[in-house]
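Excluded from the calculations below are hydrogen atoms, water molecules and symmetry mates; all remaining heavy atoms, backbone and side chain alike, are included. Residue indices begin at 1 and follow the sequence shown. In listed order, ligands and their atoms are each counted from 1.
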Amino acid sequence: MSGVSAVILAAGLGTRMRSRLPKVLHPVGGRPMVGHVVEHCRQAGVDRVIVVVGAGREQVQAYLGDSVAYAVQEEQLGTAHALLQAEPLLDGARGDLLVLYGDTPLLRPEVVKRLLEAHRESGASATVLTAHVQDPGSFGRVIRGPDGTLARIVEFKDATPEERAVREINAGVYCFRLEGFFQHLRRVPRGPQGEFYLPDVLPLLMAAGGRVEAVAAAEEEDVLAPNDRRQLAQAEAILRRRVLDRLMESGVTVVDPATTWVSAEAEVGPDTVLLPFTFLEGRTRVGRDCVIGPGSRVVDSTIGDRSRVEFSVVESSRIAEDVRIGPYAHVRPGCEIGPGVELGNYAEVKKARLGPRVKMHHHGYLGDVEVGEAANIGAGVITSNYDGVNKFRTVIGPGAFVGTNVNLVAPLTVGEGAYVAAGSTVNQDVPPGALAIARARQENKEGYAARIRARARVRKEPG
Ligand code: UD1
Ligand code: CA
């Protein structure tokens, strides 16, 4: 929708959240509410987004960065006053202005598009989005005249009992024709609570001969605008179900939606199965034909086709296809796990590049390592990569075999095809094809066990 600018009002304190975090930064589906609203604008084809910030503005700006422009509302004097702060940035802009509130994370882009289209078709001076809801709560009520056209919007706090009984509410999304708009906005009077209400511009536009339309294009679930943490949890539940529905419609099996949490930004390929108690967080991408879970958490990571992650945690890493992770493995940030790798019970890896078909079937720790193709890492292999100050790298060549309970003291290179004997503490490079043994030689003392027992019996105290 070219030629449309949008203003998002996000300067409010959000006191009902009882939080140090600005309300619009509280996440729903893993993404701050205002992030959802910016995304709605983009998907509706808006060219330019201006965000009005105030309370907690540094945090809001740090999150949104320079993807949007900012206007500042120093004092939170209401939504009309907030929009007024964007006027200088809109100087010279023509056409239509879309206005949204920063706390409406569930608005579907198609609803915003419908509002814009209705506004364009009718040629009205202003079009406001409304919804008929079961529970109108503290929303502004839409008061229509005898002929059914919009008369005004009354805030819940200021409404009479009859007005409160109205079930059509203001969704808080508006389209205004820019021409002459701000001169009317400036004339909005202070409301009964001492604030300047944006909906109060509508009667002013009408009094000046403009036409104002109210379009009931939103569903109850679109309009939820959490003002407190209970509503935040409601929004979370709705979004979670929407995300899972979208995945299931695209061919993903979600065995138990009640215990599966997928972020709004995650993507999952078809025929992948998400087992119970699985969390896919942030910008996670899972390929097709994978099995994730039960009990797994994958954060900001990519997982290739046909891979399995069982009772494990994967963070900020890239996992190739046909990989087996778990049960009880931890892939910490910065790993690149090659195709066909197997990471078994209690394996922990960090900043590890594992080549194709590397096997680490049992407990152990590999940090700051590069492991070549098809190397075998035995049970209890530990990289000593940290001297308390610095981190050092370990390189293990392709086809190398590192025996059980080996300490690899970095910096260190184990050459291609080399063997490291079980129980060794290795602190010098191992040449390709060599066998490294770094442990005390075994000595057997014949008959010694009986002598130890005899000595122990003598020492034993009576009783
Ligand atoms: C508002 C509407 C109400 C509507 C509801 C829809 C007004 C007066 N009321 O009520 O009719 O049904 O949203 O969700 O508009 N903000 C500022 N500066 C301010 C005050 C608010 O930027 O001075 C921002 C807030 O950060 C928030 C948005 O405007 O993102 C809405 O404010 P909020 O206090 O949540 O309004 P509601 O009481 O929910
Ligand atoms: Ca609100």
With backbone taken as N, CA, C and O and side chain as the heavy atoms from C-beta onward, which portion of [X] lies under 4.0 Å from ligand 1: side chain, backbone, both, or neither?
| X | value |
| --- | --- |
| A10 | backbone |
| V52 | neither |
| S138 | neither |
| R16 | side chain |

Is the ring pair F176/Y174 parallel, tilted or perpendicular, if the boundaries are 30 and 60 degrees? parallel

Closest to atom 16 (N) of ligand 1 by heavy-atom distance, out of G137, A80, G12, is G12

Name the option, out of M33, K157, Q73, E155, that contains the heavy atom nearest to atom 3 (C) of ligand 1. E155

Protein heavy-atom partner closest to [atom] - residue, atom, separation in Å:
| atom | result |
| --- | --- |
| atom 14 (O) of ligand 1 | A225 CB, 3.4 Å |
| atom 27 (C) of ligand 1 | L9 O, 3.8 Å |
| atom 6 (C) of ligand 1 | N170 O, 3.4 Å |
| atom 32 (O) of ligand 1 | T79 CG2, 4.2 Å |

[atom1]/[X] to [atom2]/[Y] distance, rounded to the nearest 0.5 angstrom?
| X | Y | atom1 | atom2 | value |
| --- | --- | --- | --- | --- |
| T104 | L100 | OG1 | CG | 6.0 Å |
| C290 | R306 | SG | CZ | 8.5 Å |
| I377 | M360 | CD1 | CE | 7.0 Å |
| R57 | L64 | CZ | CG | 14.0 Å |
| E336 | R353 | CD | CZ | 5.5 Å |
| L239 | R241 | CG | CZ | 10.0 Å |

Under 3.5 Å, N or O to N or O, is [X] touching ligand 1 that way?
| X | answer |
| --- | --- |
| V223 | no |
| Y101 | yes |
| A11 | yes |
| G140 | yes |

Answer yes or no for I169: is there a heavy-atom contact with ligand 1 below 4.0 Å? no

Answer yes or no for E75: is there a heavy-atom contact with ligand 1 below 4.0 Å? no

Are S122 and E213 linked by a side-chain donor-acceptor pair shorter than 3.5 Å? no

Looking just at side-chain N and O atoms, do Y386 and D368 make a donor-acceptor pair shorter than 3.5 Å? no

Can you list the protein N, O or S atoms less than 3.0 Å from the Ca ion (ligand 2)? D103 OD2, N227 OD1

Taking 4.0 angstrom as the limit and counting only heavy atoms of G102, give me the atoms of ligand 1 inside it, by number and element. 30 (O)

Pairs touching residues 185-196 that satisfy salt bridge (Lys or Arg N to Asp or Glu O under 4.0 Å), sequence neighbours left out: E87-R186

Considering residues at least two apart in sequence or located in another chain, which fulfil the salt bridge (charged side-chain N to carboxylate O under 4.0 Å, His left out) criterion with E236? none

Does anything in residues 308-348 pair up under ring pair (Phe, Tyr, Trp, His ring centres under 6.0 Å), and if so which pairs, sequence neighbours excluded? F311-Y328, Y328-Y346

Does the protein put any heavy atom within less than 4.0 Å of atom 18 (N) of ligand 1? yes

